[in-house]
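The structure appears right after this line, and notes come after that.
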Amino acid sequence: MNMNISDTKSIIDTDLNLDSIENSASSYKDKDLFDTDEEREEEFATSNDKQVHPIELGENISLPKELVHCNKLLNHLMQMETKVHPFAAKAAFDTLIGALTARWVYSHTGTSTALYIIVIAKTGSGKNIGLNAIEQILESLNKGEKLVASQITSVGALDDLFKDSPTIVNIIDEFGDVLSNMDSGSQKQLATAMKKVYASSATSQYNFGKYSSNGGKQSKDMNRLIKRPFYSILGLTTSEQFFEAANINMINDGFMNRFIILNGEDVKPIFNGIETQKELPEDILDHIKHLTDNQPATEMLLGSIKPPTYFSDDSPKVIKMTEEAQNYYAYTIGDADLENSDIYQFCSSEEEQNIELSNLRRNISIRWRENSIRYATALAAYEGHQEIELYILQYAYNYVKTLGIQFLNLFKKEVIQTKLQKQMLLAEQWFREQEEKSESSNSKRYTLSTIGQYMYPLKHLKGSERKHILDELVSINVLNLYVSGRTRQYYLAKD
């Protein structure tokens, strides 16, 4: 698949509406990730002395070789267990860098580094690295309170998570089971709440405490307002679990399109034997501490060492894009309604004949740009860059888009086509039942209006949907079609 992107156009800042974002973040300290140019050069000179080869995960999925620190961390994740699923390790990496930059790094557009990710992989294929690696690393950094490794089943349970920490990394094993309950009732409200928390930005607030997991409204004095809540999800599931629960409404209502979905069903695990390394290597540990640790005020006053730049809850960092990256973001990636942009062209390409897919391309791609800037911001921040360079944003977008298209193709195969086949079978059974009731030796013909009135299996569908199913049965010689003027009559084909 050719994933090349067209050349960028000149940018007009007012079209991006960047000024309003700048103003909303003007109260924040605009500090560099490194205190001086010399410090930054020394850091990266040391890093680049050591050759770090990116793990090969496929086109647009492997990390760029220029991201030295990112590749070091991902390579380490691949070696932490005796059996590792590569896509689960990549998802763990994506989740980790978001968590390590949580609440103090934001994009130029105001979005946080939180990502919603799902990994689809076979049972026993090593996908548990997604939980184990994040748990071990956050614990080693004394940030274990950020991790919640459990399913949640209500808005109250989501509220309860924020009682312990404003930063939540929610790892959900058997994610398909949670998804299956999100079509109705309290768990449908949970999906709505998850969509809301996903939108957290440099200026957002979350008022938790309205509900509790043990039921009922809490008293008003139990409420607590959190500035800039951070909530990320890493869901682990098998293909059977996921597609048993998934349906087209979850994409059309905006829930599923917030997720980056890595289909690792056919990806082979890595076997490390006894060559595992669970503890963070010293250079990775030092790099993370350099970016995230708060230094004691006494050290600053004494001046014994110049502490690295750090960020507290009151001083988040807005990482800007270079001019080339802004061009790419605004016009090349673009939007479903911005003509000639990549997303517009994807949405405008010829749709499949199935009526179920009429808006699916738009709904699946509408969040690609936002997920790309979230991911690019986390990559740049973890690497220690002061800006999001063009190659980082290009990688982030191609990564999100590639996985989005792969998921769309899989979704059509596993959900849409399966549903169509079931509907075709029900329609065929109805025709055969009518034939058995008839005393005529010739098959009885039925118009579309008659079928719409009496064919109970397809009665709830739109007329165009019924017609598509009937025409599919004609194409495989189950039914015959008689056309006279504008009248279409369907009847069972004789064996």
Side-chain angles (χ1 to χ4, degrees), residues 1 3-5 33 43-44 46-81 84-101 105 107 113-115 117 119 121 126-127 129-130 133-134 137 232 234 260-264 267-270 272 277 280-281 283-285 287-288 291 319 321-322 325 328 333 368 371-406:
M1 182 182 298
M3 300 299 296
N4 290 336
I5 306 298
L33 290 176
E43 168 77 7
F44 285 96
T46 303
S47 301
N48 290 322
D49 283 343
K50 299 177 181 178
Q51 208 61 352
V52 180
H53 299 287
I55 301 258
E56 183 53 49
L57 298 174
E59 185 179 5
N60 299 323
I61 298 177
S62 302
L63 288 170
K65 64 180 185 302
E66 296 90 344
L67 296 176
V68 176
H69 289 294
C70 291
N71 275 295
K72 280 184 180 180
L73 179 58
L74 178 57
N75 288 6
H76 171 67
L77 295 177
M78 296 288 185
Q79 301 171 29
M80 289 185 69
E81 301 282 347
V84 174
H85 193 290
F87 276 20
K90 180 61 163 60
F93 165 82
D94 298 343
T95 302
L96 261 175
I97 62 171
L100 294 173
T101 57
V105 171
S107 74
T113 56
L115 293 172
I117 301 175
V119 177
K127 67 178 184 291
I129 189 69
I134 295 176
I137 289 174
S232 67
L234 174 52
I260 298 172
I261 301 174
L262 292 90
N263 175 29
V267 177
K268 294 182 179 180
I270 294 173
N272 292 310
Q277 183 179 6
L280 277 175
D283 57 340
I284 297 178
L285 188 60
H287 176 73
I288 293 174
L291 293 176
I319 298 185
M321 293 179 275
T322 64
Y328 185 82
I333 298 176
W368 284 356
N371 275 334
S372 299
I373 193 62
R374 287 169 178 261
Y375 189 39
T377 302
L379 289 167
Y382 183 80
E383 197 66 22
H385 288 345
Q386 300 175 34
E387 293 180 303
I388 299 172
E389 298 180 31
L390 176 61
Y391 82 91
I392 295 177
L393 185 57
Q394 284 178 321
Y395 164 71
Y397 177 64
N398 285 335
Y399 175 65
V400 170
K401 178 181 177 180
T402 297
L403 294 175
I405 291 175
Q406 288 178 358

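In this text, all values refer to a predicted model and were calculated from it rather than measured experimentally. All heavy atoms count here, side chains included; hydrogens, waters and symmetry mates do not.
Taking every heavy atom of both residues into account, Ile129 and Ala92 meet most closely at O-CB, 4.4 Å. The minimum heavy-atom distance linking Ile55 with Asn71 is given by the pair N-OD1, 4.4 Å. Closest non-hydrogen pair, Ser372 versus Ala396, comes out as O-CB, 3.4 Å. Considering all non-hydrogen atoms of both residues, Leu291 and Ala381 come closest at CD1-O, 3.6 Å. Nearest heavy-atom pair, Gln277 versus Met80, reported as atom, atom and distance to 0.1 Å: O-CG, 3.4 Å. Of all non-hydrogen atoms in Ala114 and Arg374, the two that sit nearest each other are O-NH1, 2.8 Å.
Rounded to the nearest 0.5 Å, atoms CD1 (Ile373) and OH (Tyr397) are 13.0 Å apart. Rounded to the nearest 0.5 Å, atoms NE2 (His385) and NE2 (His69) are 9.0 Å apart. Here CG of Leu393 is found 8.5 Å from OG1 of Thr322. Values are rounded to the nearest 0.5 Å. Atom CD1 of residue Ile117 and atom CZ of residue Phe93 lie 10.0 Å apart, to the nearest 0.5 angstrom. To the nearest 0.5 angstrom, Gln79 atom CD is 10.0 Å from Leu74 atom CG. Note that the CD1 atom of Ile97 and the OG1 atom of Thr95 stand 9.0 Å from one another [nearest 0.5 Å].
Here the side chains of Trp368 and Ile405 are in contact, with some heavy-atom distance below 4.5 Å. With contacts defined as side-chain heavy-atom distances shorter than 4.5 Å, the pair Tyr391/Leu67 qualifies. Annotation: side chain of Leu115 is not in contact with side chain of Ser232 (no heavy-atom distance under 4.5 Å). With contacts defined as side-chain heavy-atom distances shorter than 4.5 Å, the pair Val267/Leu262 does not qualify. A heavy-atom distance below 4.5 Å is not found between the side chains of Ile261 and Gln406. Proximity of Leu100 to Ile137: side-chain heavy atoms (C-beta onward) are nowhere separated by under 4.5 Å.
Without hydrogens or angle criteria, Glu383 side chain to Val68 main chain gives a donor-acceptor distance under 3.5 Å. Between the Thr113 side chain and the Gly98 main chain, a donor and an acceptor come within less than 3.5 Å of each other. At least one donor-acceptor pair closer than 3.5 Å links the side chain of Asn272 to the backbone N or O of Met78. The backbone N or O of Phe87 sits less than 3.5 Å from a side-chain atom of His85, completing a donor-acceptor pair. At distances below 3.5 Å, at least one donor-acceptor pair connects side-chain atoms of Glu56 with backbone N or O atoms of Gly58.
Ring geometry, Tyr395 versus Tyr375: the interplanar angle falls from 30° to 60°, so the pair is classed tilted.
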* Would you please test Glu59 and Thr402 for side-chain contact (heavy atoms from CB on, under 4.5 Å) and show each step? => CA-CA 9 Å; Glu59 185 179 5; Thr402 297; over 6 Å; no

* Asked: Run the side-chain contact (heavy atoms from CB on, under 4.5 Å) check on Thr101 and Thr377 step by step: do they pass?
  -> CA-CA 9 Å; Thr101 57; Thr377 302; over 6 Å; no

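A search for side chain to side chain contact (heavy atoms under 4.5 Å, CB included) contacts involving Asn263 returns Ile120, Glu265, Leu410, not counting sequence neighbours.
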